[in-house]
Each structure stands twice: as structure tokens, then as C-alpha cells.
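Worth saying up front: this structure is predicted, and the values here are computed from it rather than measured. Position 1 is the first residue of the sequence; numbering continues from there.
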Amino acid sequence: MEKAIKGKTLTDVWFAFPQLKTYEPALLGERVEAIETRGKAMLTHFSNGLTLYSHNQLYGVWRVAKSGVDPATNRILRVRLAAEDKAILLYSASEIELLNADTLMAHPFLQRVGPDVLDMTLTSEQVKARLLSSRFRRRQFSALLLDQAFLAGLGNYLRVEILWLAGLAPQHKAQDLTEEQLALLADALLAIPRLSYLTRGVSKENKHHGALFSFKVFHRAGQPCERCGGIIEKTVLSSRPFYWCPGCQH
């Protein structure tokens, strides 16, 4: 989305909701300065200091299109931000607000959610510090890795793959790990989501990118673990399906 519209002058601004209509003329002629994620929420920052907050919930989706071209879809358009050549379009989402600097800082969801795993300024050392904080150090990983207050952007398949890469069983807590285990987990908490995002789940060898993302345990119950040869098992943890290898996740 940033590639499509960042830094370009907005020539068309349209909102479906009546309470946002008054902002349309205020944003015409402005620029999109940056777009950032907070889990399923997205913040689109404009050059006049306003920020568009949108949360995709279950059904919202952003699309990039040529300006003046409406993609064929059954979805309901909620937001259109267009420059001369490209437009970004938000469909189906219902939680959409325009915020200034003060209301952005006070937004209840943004106050509650943790740093996003796709924020490239977030380091494994900072993740390690969060793991060891009084708020999170006593939490079992099975629930912690689904809590958006810990790290935004993690989900169930990422929880499964992260714990496999770190060689950890889901009942562990950060306070019980060795320094080596903590370092490996902190690295995996960023490396797995970022690789998955960059490769969009493609699972094949590529001479330009090396080994791309592929599931090691998720949806592989009954198959051998490629690390130890043990048989991958499936259960339910925190009301979500969980896959792991009892042979090498201790």
C-alpha cells in the first residue's frame, strides 16, 4: 500500500460512513506519509496530522487498484484514497475512525495492543525484555502467543511454528527458560512472522530467496518431524488447534 500511494498527493478521498464525510475536503491535496500495522488494525498517517484508524476484524480487506478503476467484487467499499495513478481501497470493515495526535494516543485498542511483529524497528532484545517483564513472565506460551497485548500480529499457525522452531513445549513460561532458550524464542517470535509475510506462505526453494516459508508442524499431525523424526501430534490449547512434536519440543 505504501508503494502505491506514499508521498503522493491525494486527488480523491471518499468515505462510506456519514460521520467521516466532513473529512473528505480536508484530506484532498494532502499526502499519505506512512502506513503502519497494529495487528489487524492499520494506521494511515496523513501530512496534515490526521490518522485513519481502521480495524479489519474478520472481514475487512485492503486492495490496491488503478485510480478510477473499481475492482469487481461483492464486498462493500468503505474507504477510497486515490492519487493520480493508484488508489487504496478498504472493503467490508466497519471500525473506521479519523484521529488527531491526542485521540490517537488515547485510542483504547492502541493502548491495549503490544508492538507489532512487522515493525522493523522492533528487536529481539526488546522482545526478550517483554518476555521477562512482570506482566508476561509467568504466562504459559500456549496463551501468551495469542495475546495481542504481548505482540500484535501473531496468530495460531505462527504460535505453533514459533514454538517448534524454539524447541519449546506450550506449557513453558519465560521465567523458567535458560538464557539460550530465551534468545532462541525471542528471535523466532520475529523471524517466523516476518518470513511468512515476506514470502506470503510460498513453500519452495528459490535461488534468489533461499528456503521460503513452509509449515514444519502446523496441519502436519501424524507426519514425521523433520528435525528429530518424531511423530507430530495435535491437540487443542486456548480453544485453538495446536500441533507439536513431543520428540523435540521439551
Side-chain angles (χ1 to χ4, degrees), residues 1-123 126 148-155 190 193-194 196-200:
M1 289 170 60
E2 277 194 338
K3 288 178 181 178
I5 207 162
K6 181 179 177 181
K8 298 177 183 178
T9 300
L10 294 174
T11 57
D12 182 23
V13 176
W14 181 87
F15 298 110
F17 299 135
Q19 67 269 27
L20 300 178
K21 286 289 186 185
T22 56
Y23 291 98
E24 292 175 355
L27 292 174
L28 275 175
E30 299 293 336
R31 300 178 308 280
V32 173
E33 298 283 297
I35 300 174
E36 57 176 320
T37 56
R38 291 288 186 275
K40 287 186 178 181
M42 188 166 289
L43 304 177
T44 304
H45 300 288
F46 300 102
S47 53
N48 63 356
L50 292 175
T51 295
L52 178 69
Y53 168 92
S54 60
H55 195 293
N56 280 4
Q57 299 170 304
L58 290 176
Y59 303 109
V61 61
W62 283 94
R63 293 283 184 259
V64 176
K66 292 182 179 179
S67 290
V69 176
D70 291 328
T73 179
N74 292 325
R75 292 178 176 271
I76 300 172
L77 184 64
R78 303 297 196 191
V79 176
R80 179 172 60 243
L81 302 173
E84 186 176 348
D85 58 341
K86 295 284 187 179
I88 55 174
L89 311 168
L90 175 58
Y91 294 93
S92 304
S94 57
E95 193 173 336
I96 304 168
E97 303 172 62
L98 272 157
L99 308 171
N100 59 30
D102 293 333
T103 53
L104 183 67
M105 291 293 292
H107 194 282
F109 177 82
L110 298 176
Q111 285 188 319
R112 184 172 70 250
V113 76
D116 197 287
V117 290
L118 295 184
D119 178 355
M120 300 310 290
T121 67
L122 182 65
T123 66
Q126 291 170 316
Q148 299 296 291
F150 170 56
L151 288 176
L154 294 180
L190 295 181
R194 289 172 179 179
S196 177
Y197 170 74
L198 289 173
T199 63
R200 284 164 168 47

Could you tell me the separation between the [atom1] atom of [X] and the [atom2] atom of [Y], rounded to the nearest 0.5 Å?
{"X": "Leu81", "Y": "Leu89", "atom1": "CG", "atom2": "CG", "answer": "8.5 Å"}
{"X": "Arg78", "Y": "Ser92", "atom1": "CZ", "atom2": "OG", "answer": "6.5 Å"}
{"X": "Lys86", "Y": "Lys66", "atom1": "NZ", "atom2": "NZ", "answer": "6.5 Å"}
{"X": "Leu27", "Y": "Phe15", "atom1": "CG", "atom2": "CZ", "answer": "5.5 Å"}
{"X": "Leu50", "Y": "Asn100", "atom1": "CG", "atom2": "CG", "answer": "7.0 Å"}
{"X": "Ile88", "Y": "Ile5", "atom1": "CD1", "atom2": "CD1", "answer": "4.5 Å"}

Does some side-chain heavy atom of [Y] sit less than 4.5 Å from a side-chain heavy atom of [X]?
{"X": "Glu36", "Y": "Met42", "result": "no"}
{"X": "Leu98", "Y": "Phe46", "result": "yes"}
{"X": "Ser54", "Y": "Thr44", "result": "no"}
{"X": "Leu122", "Y": "Leu151", "result": "yes"}
{"X": "Trp62", "Y": "Asn56", "result": "yes"}
{"X": "Val64", "Y": "Met1", "result": "yes"}
{"X": "His55", "Y": "Tyr53", "result": "yes"}
{"X": "Leu10", "Y": "Val32", "result": "yes"}

Residue list, side-chain contact (heavy atoms from CB on, under 4.5 Å) with Ser47, at least two apart or on another chain: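 Here the qualifying residues are Glu30, Arg31, Glu33.
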Between the main-chain N or O of Ala83 and the side-chain N or O of Ser67, is there a donor-acceptor pair closer than 3.5 Å?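 Flag set: sc Ser67 to bb Ala83 pair under 3.5 Å.
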Between the side chain of Thr37 and the main-chain N/O of Gly39, is any donor-acceptor distance below 3.5 Å?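 Answer holds: no.
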Shortest non-hydrogen separation from [X] to [Y] and the atoms involved:
{"X": "Leu154", "Y": "Pro193", "result": "CD2-CG, 3.7 Å"}
{"X": "Arg194", "Y": "Asp119", "result": "NH2-O, 2.8 Å"}
{"X": "Phe150", "Y": "Pro115", "result": "O-CD, 3.8 Å"}
{"X": "Thr121", "Y": "Gln126", "result": "O-OE1, 3.4 Å"}

Taking Asp85 first and then Lys8, would you say they form a salt bridge - that is, a charged N and a carboxylate O separated by under 4.0 Å?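 Yes, charged N to carboxylate O under 4.0 Å.
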Apply side chain to side chain contact (heavy atoms under 4.5 Å, CB included) to Leu77 and Leu90, showing your working. CA-CA 6 Å; Leu77 184 64; Leu90 175 58; 5.9 Å; no
Crowded around [X] [atom1]? As in, over 12 foreign heavy atoms under 6.0 Å?
{"X": "Ile76", "atom1": "CD1", "value": "no"}
{"X": "Glu84", "atom1": "CD", "value": "no"}
{"X": "Tyr59", "atom1": "OH", "value": "no"}
{"X": "Lys21", "atom1": "NZ", "value": "yes"}

Would Tyr23 and Val13 count as a side chain to side chain contact (heavy atoms under 4.5 Å, CB included) here? Give the steps. CA-CA 9 Å; Tyr23 291 98; Val13 176; over 6 Å; no
Quick one: do Val79 and Ile96 satisfy side chain to side chain contact (heavy atoms under 4.5 Å, CB included)? Show the steps, please. CA-CA 9 Å; Val79 176; Ile96 304 168; 3.9 Å; yes
Check side-chain hydrogen bond (donor to acceptor under 3.5 Å, both in side chains) between Arg80 and all other residues, then give those that pass, not counting sequence neighbours.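 Per chain and number, Arg80 pairs via side-chain hydrogen bond (donor to acceptor under 3.5 Å, both in side chains) with Asp12.
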Can you list, pair by pair, the side-chain donor-acceptor contacts under 3.5 Å of residues 105-114, counting residues two or more places apart and other chains?
| unit_1 | atom_1 | unit_2 | atom_2 | d |
| --- | --- | --- | --- | --- |
| His107 | ND1 | Phe109 | N | 3.2 |
| His107 | NE2 | Glu97 | OE2 | 2.9 |

